[in-house]
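Data first, discussion second: the structure below is written as structure tokens.
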Amino acid sequence: MKGKRMHDTIKRAAAGLAALFLTVPAWAAGGAKAAAATPDPARDWDLLWNEVIFDITIIGILFAIVTAWFIWQARRRPGNEVGASVPLSPASAVGWVVIPIFVFLSIDLYTAANGWVLWNTFRDVPANRMEIKLEAGMYSWDYTYPNGVRTQNELVVPAGTPIVLRMTSRDTLHSHYIPDFRVKEDSMPGRITYLWFNPTKPGEHIVTCAEYCGVMHGYMAGRIIVKAPEEYAAWMKGEETRLAALTAPEPAPAAKPAKPAAKKT
Amino acid sequence: MNLKEWIFTTDHKRVGVLYLIGSIAAFAVAGIMALLMRAELSTIGPTITANPTQYNVWLYTHGAVMILGFQIPALTGFFANYCIPLMIGAKDVAFPRVNALSVWLFYVGVILALLTFFIPDPPDVMWTGYPPYSTITTGNTAMYSFTVLILGFASIIGGVNFLTTVAYMRAPGITLNKLNIFVWCTLAAFVLQLIFVPVLGTAVSLISMDKYLGTNFFDPTKGGDVLTYQNLFWFYSHPAVYVIFLPFIGVVYEIIAAHAKNMVFNYKMVVYGGVGGIVLLAGEVWVHHLYVSGMADWLRIGQMVTTLMISIPVGLMMIGLIGTLYKGSIAFTTPMLYALGVVFLFLIGGLTGIPLAVPSLTIGVSDTYYVVGHFHYVMAVAGTFAIFGGVYHWFPKMTGKMYNEFWGKLGFWITFVGVNIVFWIMMDVGVKGMPRRYYDYAHFPQFEGAHQWMTVGAAILAVGFTIAILNWILGAINGKPAGDNPWGSPSLEWTTVSPPPHGNWPSPPSVSEDWHPYGFKKG
Amino acid sequence: MAHDAHHAEAHGHAHWDTSIYPFIISFGILALAVAFSFKFVYHNSFAAILSMGIGFPLIIAGIAGWTSEAMGKGEGLSYGAMGWFILAEAMIFVSFFVSYWYTKLHVDVWPPAGNIELPRIMPLVMTFILVASSLTIHYAEHLLHLGNKGGFKTWYLITIVLGACFLGMSVYEWSHLIHQGFTISTNAFSTIFFSVTGLHGSHVVVGLAIFLAGLPSVLRGDVDEGFMRTAGLYWHFVDIIWFFVVSQVYYW
Ligand code: HEA
Ligand code: HEA
Ligand code: CUA
Ligand SMILES: [Cu+2]
């Protein structure tokens, strides 16, 4: 990735600025870079999320404590019927603009740099991926494997292989959301979008629709079933034979209509 | 009292009061929609309606009416109308008739929105109205478009009116650096409205044209593009959140300065850094609502930085607010409680916007209840508290009478507890994966308990708001006389009698050299 | 302002200004919005016509009453206000152009299927006419400023005629294109073409309506200079927008 070196530099610079104000836990800062082999966006997401939540909690508590302290100090008491603040000197008036800007900006840039790194993890698809096409529609998820096998609302994948979904929609907007993998991206007619996730170990995960798409939006759900590679191979074998049985005898039975040509990508 | 002089009035104060009545009514209706939604969500599966469309219609009305019928009109309609001419020492606005037109167009817009409950095939497009759903639904999308168009138009002519008023009708001696913070904030909000509402108007017109007049803006088979709409919509609707934020934080400034009897901290920083900074940045961040909608990557990354940078001017405004408390003389009146509530609750809401600003994090939580929690904290909680506090603050001016402090404070504390139950839990279930706009969450049974707590919280806060509204009604009828300046504020609106007569002052007020709206004096 | 009607009751208690027309116009607009739903959503033309029959008279009566109530009372700030209003108007056009660019630049093939050759000469003539009308109104204002009411009247009328010519040519062109089967629903480009030229045309109509609203007082000879300046400003705006329309939808 060509941007990599540049944003590492930016990140280092921003981190330097931010350190003036906040000591950010080192484990979190290193998180995004640590993964060497296939990255795991879900885990990186958790790390960065926790870090940012930690930062904003600190900022919030600081502001809240100061506010509470001022309120307590300045409550109306005898002898204190009118506020006693004095106008700022020009220097401190400017200082109260420049210093906060500097501090806030460094926090912002630091957060942005971390976010950028994670963004690349989410968008740079690993080379050893499996490509699956997804057509969303009211109200189902229709997957097509590279070998032509199709499933609906159930995506079976081998553990350890990154999965890329190339998505489009046949009617309204939908959003393929897998909470366990922290990914979602909308699909829509006329454009192809993608997302990828890394199913590390066997298990089942919910897929749910995260973009309002119509009356039954809340019911538009499916499952990602992660199988151990051997089990997956066996399952795929079965599907392939079924597909062959369906398509071999007569080439054009009306069982399943061919997909429109527009979705060749 | 002469009813005709109220309905056909062109006086800015009465127009303002008409705005207040209309927007609080809209709030009550939309609030009841929220309660119905909460009731429906309290169990898995159908609870009070078996028809998802019914729920979607509630949600649509709730969102659209709360934003377009309650907060924007209450802030840029009621407060702007009531306060701006009084604060700048003018006897009315520049175009009183246009002002009357804008309030009645507002009513017409709200009537259209509420017709939803009486027409067949009501609109169910959510307040965002995204195509292609909005162009293929059997629901009445035209109703949505016209509601937005008319309310938008009302707001544009209001904006033209107030910008002209403040530019040309300030009393002698009121220089730009002696305008109330609220006036600055509202002017900025109007500038945003003028620039961005037309874009929204275009966006919603296009969906109705596509649906009913056969155009192809969003039809990819004819060369159109569905994402065009989302860009246009958020190009307005993000600045719209600052159209809400700016005036409400302005109201909070007025309340805090008056009830702490203290000079606003670093006035120029607040005005030029805070308000000015927000206006400059507001238009460059809309893509943060499209982080997961398939936008070009470079736009998502670029606007991450601008979105994060919004924390700078907003942070300056927070510093100004908190600084105004320092060495003040704080009276814990009802308006002050609401205003202090805003300081804390807006911190929660604003800071939870920071993770949302980072696209890679948004991938995990966009379109979940986390987002719903974020914007209820900033808007539904901080915004509504500011509005309620503001109404309490200017209540003696409007009616000449005093509300009841005890019930006022009680209402505040009940609401305070309620909102935190509802909206805190919301953010929590959101991070765990609860998507928004779900009539039913059958495949997330683990969230049922949380949803029940939210329903309980909503019931609690409804009690609090109802107490506040009743307190106003009863106070207006038989409150104790309040006097002209109960808070002892030097701001100009307190120098006339309560309630002010037509024309506001017998003769235009003139201010001395060392006068300042926040120059509180001993004695 | 609206004082006059109330002189009778002005004694005793303080009186409050009122005007009934904003209220009337607003509800006229409500009736039109409802009419749209009747026609296009519920396919009930009768109810649609009925509510248009309520809406239009209300709006026209409202505007007429309003102008007669306010005209000549010199709400002298309208020039400044028009500037803000034009900012808002300009943003509508910006939205359309941006939608256009966004759509066009993102696809590989443009224009989409179904397009025809647009005329090339006609838009130039139209541009010429509109620019001329901008100059004539400017000249008219200049004469008015010098106090030459007769000259003002002539050039004012010429401007109206030029504006009307422009509109006529637009109508001619539209019907010509529609005849060739190029309609607003042909494809995304035709959609943009008709909506942008239509939107601009509607602004020409509004500009002409403002001129016509001022016409009686011009003929009577008691023109309000502020009103004329404001109307002229709007007309220049309509003119400038046309440059964008022409360059973007005809020649690019
Ligand atoms: C009044 C309304 C209001 C306000 C003020 C804000 C303020 C902010 N909002 Fe929010 N937002 C909404 C109303 C509002 N929002 C609504 C209605 C939606 C959802 C619409 C829908 O989809 O239906 C939404 C959605 C929304 C999203 C899209 C989420 C999604 O759909 O995926 C994002 C993403 O970036 C976002 C971010 C922000 C940010 C960064 C701010 C910032 O302005 C906040 C700035 C404030 C602070 C940061 C706190 C104070 C500052 C300091 C204490 C200084 C120090 C702090 C730092 C340096 C970090 N908001
Ligand atoms: C300013 C805006 C605003 C305000 C104030 C509120 C207030 C509330 N909102 Fe809402 N909300 C939105 C703006 C707002 N909301 C938006 C924009 C959406 C997104 C819509 C979309 O997805 O398209 C949303 C969505 C939304 C959802 C998400 C639903 C979903 O995604 O499926 C929920 C769920 O609980 C909710 C709840 C509430 C609750 C409980 C309140 C409570 O605070 C309400 C409290 C108020 C009352 C209960 C009324 C009290 C008054 C009376 C009872 C009248 C008394 C009268 C007399 C005495 C005369 N809101
Ligand atoms: Cu599909 Cu929501
Ligand atoms: Cu936003």
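Lettering of chains follows the sequences in order, A, B, ..., and the numbering in each one begins at 1.
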Side chain / backbone / both / neither for Tyr177(A) at chain B, heavy atoms under 4.5 Å: side chain

Separation of Asn50(A) CG from Thr57(A) OG1 (nearest 0.5 Å): 10.0 Å

Atom group of Arg75(A) that falls short of 4.5 Å from chain B, counting heavy atoms: both

Side chain, backbone, both or neither of Val52(A) within contact of chain B (heavy atoms, under 4.5 Å): side chain

Residue, of Gly60(A), Gly190(A), Ala93(A), that accumulates the most heavy atom pairs under 4.5 Å with chain B: Ala93(A)

Proximal component of Ala260(B), with respect to chain A [non-hydrogen, under 4.5 Å]: backbone

Test item: side-chain donor near acceptor, Asn177(B) and Tyr272(B), under 3.5 Å: yes

Interface moiety of Phe332(B) toward chain A, non-hydrogen atoms closer than 4.5 Å: side chain

Between Met138(A), Arg123(A), Glu81(A), Lys184(A), the one whose heavy-atom pairs under 4.5 Å with chain B are most numerous: Lys184(A)

Most chain A-contacting option - heavy-atom pairs closer than 4.5 Å, from Pro132(B), Pro52(B), Ala257(B), Ser360(B): Ser360(B)

Contact class of Gln230(B) relative to chain A, heavy atoms under 4.5 angstrom: side chain

Largest heavy-atom contact set with chain B, pairs under 4.5 Å, which of Phe104(A), Trp119(A), Phe70(A): Trp119(A)

Mutual orientation of the aromatic rings belonging to His174(A) and Tyr139(A) [parallel < 30°, tilted 30-60°, perpendicular > 60°]: perpendicular

Between Ala210(A), Pro87(A), Ser92(A), the one whose heavy-atom pairs under 4.5 Å with chain B are most numerous: Ala210(A)

Geometric class of the Tyr267(B)/His516(B) ring pair [parallel <30°, tilted 30-60°, perpendicular >60°]: perpendicular

Proximity breakdown for Gln73(A) and chain B, heavy-atom pairs closer than 4.5 Å: neither

Structural part of Arg436(B) lying under 4.5 Å from a heavy atom of chain A: backbone

Toward chain A, the part of Tyr441(B) with a non-hydrogen atom under 4.5 Å: neither

Most contacts with chain A, counted as non-hydrogen pairs under 4.5 angstrom, among Leu321(B), Val358(B), Leu351(B): Leu351(B)

Exercise: do Arg300(B) and Ser293(B) side chains pair donor with acceptor under 3.5 Å: no

Selection from Ile354(B), Ile136(B), Ile301(B), Thr221(B) maximising heavy-atom pairs under 4.5 Å formed with chain A: Ile301(B)

Chain B contact via Leu88(A) - side chain, backbone, both or neither, heavy atoms under 4.5 Å: side chain

Which of Ser329(B), Ser134(B), Pro220(B), Gly139(B) touches chain A most, by non-hydrogen pairs under 4.5 Å: Ser329(B)

Options Thr362(B), Asn266(B), Leu325(B), ranked by heavy-atom pairs under 4.5 Å with chain A, top entry: Asn266(B)

Engaged part of Met167(A) at the chain B interface, taking heavy atoms whose separation is under 4.5 Å: neither

Residue, of Thr193(A), Ile53(A), Leu195(A), Val183(A), that accumulates the most heavy atom pairs under 4.5 Å with chain B: Val183(A)

SB check Asp225(B) Arg191(A) (cutoff 4.0 Å): yes

More than 12 heavy atoms from other groups under 6.0 Å of CH2 on Trp96(A): no

Interchain contact, Leu340(B) with chain A, by part (heavy-atom threshold 4.5 Å): side chain

Tyr130(B) portion near chain A, given a 4.5 angstrom heavy-atom threshold: side chain

Part of Met309(B) lying under 4.5 Å from any heavy atom of chain A: both

Audit row: His176(A), Ser187(A), side chain to side chain donor-acceptor pair (under 3.5 Å) steps and yes/no: CA-CA 8 Å; His176(A) 191 271; Ser187(A) 55; over 6 Å; no

Six-ring centre of Trp45(A), Arg43(A) cation under 6.0 angstrom, axis tolerance 45°: no

Modelled atom types, side-chain donor and acceptor of Thr137(B) and Asp124(B), under 3.5 Å: yes

Ser311(B) OG to Leu105(A) CG distance, which is reported to the nearest 0.5 Å: 8.5 Å

Partner chain A: residue of Leu290(B), Ile319(B), Val125(B), Val343(B) with the largest heavy-atom pair count (under 4.5 Å): Ile319(B)

Modelled atom types, side-chain donor and acceptor of Tyr439(B) and Asn56(B), under 3.5 Å: no

His451(B) and Tyr369(B) aromatic ring geometry - parallel, tilted or perpendicular at 30°/60° bounds: perpendicular

Closest-packed option against chain B by number of heavy-atom pairs under 4.5 Å, given Val86(A), Asp108(A), Thr172(A): Asp108(A)

Arg166(A) charged N/C atom sitting above Tyr194(A) aromatic ring, 6.0 Å / 45°: yes

Part of Ile206(A) lying under 4.5 Å from any heavy atom of chain B: side chain

Side-chain donor-acceptor contact under 3.5 Å, Asp186(A) with Ser175(A): yes

Polar contact flag, side-chain donor to acceptor under 3.5 angstrom, Arg170(A)-Ser140(A): yes

